[in-house]
Amino acid sequence: MKRRSDDQALTTLMQAAQAGDAQAYVRLLKEITPRLRQIVRRQRSFVKAEDIEDLVQDILLSLHAVRATYDPQRPFMPWLIAITRNRLADAARRYSRRAAHEVQVENVPVTFSEKEPNMYSDEYRDPEALRQAIEDLSPAQRAAIEMLKLREMSLKEAAAARGTSIGALKVSVHRAMAALRKVLIKES
Amino acid sequence: MTIDTEKLIERLAATVEPVRPLARPWIRTAAWLLVAIPYVALVVFVVSPRADLISKASEWRYAIEQLAALATGITAATAAFATVIPGYDRKFLFLPALPLAIWLGSLGDGCVEDWIHFGPDGLSLRPDWFCFPAIVLVGAVPAIAMAVMLRRGAPLSPHTTTALGGLAAAGLGNFGLRLFHSQDASLMVLVWQVGTVFVLAAMAAWAGQYLLNWRSIIGTNRRSALTR
């Protein structure tokens, strides 16, 4: 009995909303949102809370977009349930399509396997030693380090500034890094 | 989504405007026919009706096939309009089944009769490529009107909806074609004309995902709700 009167109230609110009554529309949407949340939670029990809210919002947007399809002579809830089911099925299809294109990786590597990126910068805690080590590099290596590592220029920009090739610059920076590593690790 | 549901509700309500509820499927079908039939009549008169139209109309087989094609178009249109109403009765989907069965049955019966009367010659199949562009021409405006009207509804089952819409327009197109194209051999009609109708309905079904989808319908609302 209560459900019937509830449905009747929703039907009346929807009729008013179709006539452009914004207050009735707010009341209607606020009235149905907890019900939608409940339906979504029941049918998609494995979904995270924020995803449930996304689905609820999607249903509200869908309802808003097709509110002209509601026949004021008919009860409101079956119309709403039909939209809800359709949107949930649509979301499930989207999810399975996305899942089919995803590659599941259980252990995401946090860094690369090469030696250089796995060095901890914490090892170099003495800026004076680092400055001195850079000073001791050859002019070409020092310039490469300054431009690429300290001023963060791109290889192309640094090569243009030095008037050298990108390949030569790469060699210089590689050798410079190796020299710095050798000196600094020895000192620490 | 980046806003909470309460805010979304307020933003949707702020943009709510009066909307005219969609009419019942039968009434929308009548409105569609008001656009489609005059256009079909115009094409028939421009191309010029077949010379033997009056005598053909009195032949029961021709009359049945034409009425069945027309009824298939009308019922498919009604079914298509029903499928864009959330909570529609699924019985609507079977509306075109009876006229379609009568149409195919009459043509099948014609094939058997041709076989009995003329033997294998009665079932000879020749190319009749005229049918495809002619049905497309006659069904063009009904198809466009159908697409515009369907887009006012909810894209609940886009492929089914547009397949039915395509069947409606192509069925009407075939009805118009037989008013000016003198091809009555049952097998020829079955293969080239009804075949074209089914091909067009299949193409419409494929186009369903592009013509009717939630993304395009709620996209604007979503953007405005998120940016207001």
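Chain identifiers are assigned alphabetically (A, B, ...) following the order of the sequence lines, protein sequences preceding nucleic acid strands; residue numbering begins at 1 within each chain.
Proximity to chain B is limited to the side chain of Arg37(A), based on heavy atoms less than 4.5 angstrom apart. At a 4.5 Å heavy-atom cutoff, the contact between Gln73(A) and chain B is made by side-chain atoms alone. Both the backbone and the side chain of Ser62(A) come within contact range of chain B, judged by heavy atoms closer than 4.5 Å.
Ranked by heavy-atom pairs under 4.5 Å with chain A, the first of Ala154(B), Ser157(B), Ala23(B), Pro155(B) is Ala154(B). By number of non-hydrogen pairs under 4.5 angstrom with chain A, the leading residue of Leu22(B), Ile85(B), Ile9(B) is Ile9(B). For the set Ala24(A), Ala82(A), Ala68(A), the entry with the most heavy-atom pairs within less than 4.5 Å of chain B is Ala68(A).
Identified under the salt bridge (Lys or Arg N to Asp or Glu O under 4.0 Å) test for residues 63-85 of chain B, with sequence neighbours left out: Glu65(B)-Arg178(B).
Within residues 165-172 of chain A, no residue has a heavy atom under 4.5 Å from a heavy atom of chain B.
The number of heavy-atom neighbours closer than 6.0 Å to CZ of Arg175(A), taken from other residues, nucleotides and ligands shown, is 12 or below. Dense packing is recorded around CZ of Arg44(A), with more than 12 heavy atoms of other residues, nucleotides or ligands lying under 6.0 Å away. Applying the 6.0 Å contact sphere to CD of Gln209(B) captures more than 12 heavy atoms from other residues, nucleotides or ligands. Crowding of Phe130(B) atom CZ: a count of heavy atoms from other residues, nucleotides or ligands under 6.0 Å exceeding 12. Around atom CD of Gln38(A), no more than 12 heavy atoms belonging to other residues, nucleotides or ligands sit under 6.0 Å away.
Counting only heavy atoms from C-beta outward, the side chains of His159(B) and Leu212(B) never approach each other to under 4.5 Å. Between Gln66(B) and Leu179(B) the shortest side-chain heavy-atom distance falls below 4.5 Å.
The distance from the CE atom of Met147(A) to the CG atom of Leu155(A) is 10.0 Å, given to the nearest 0.5 Å.
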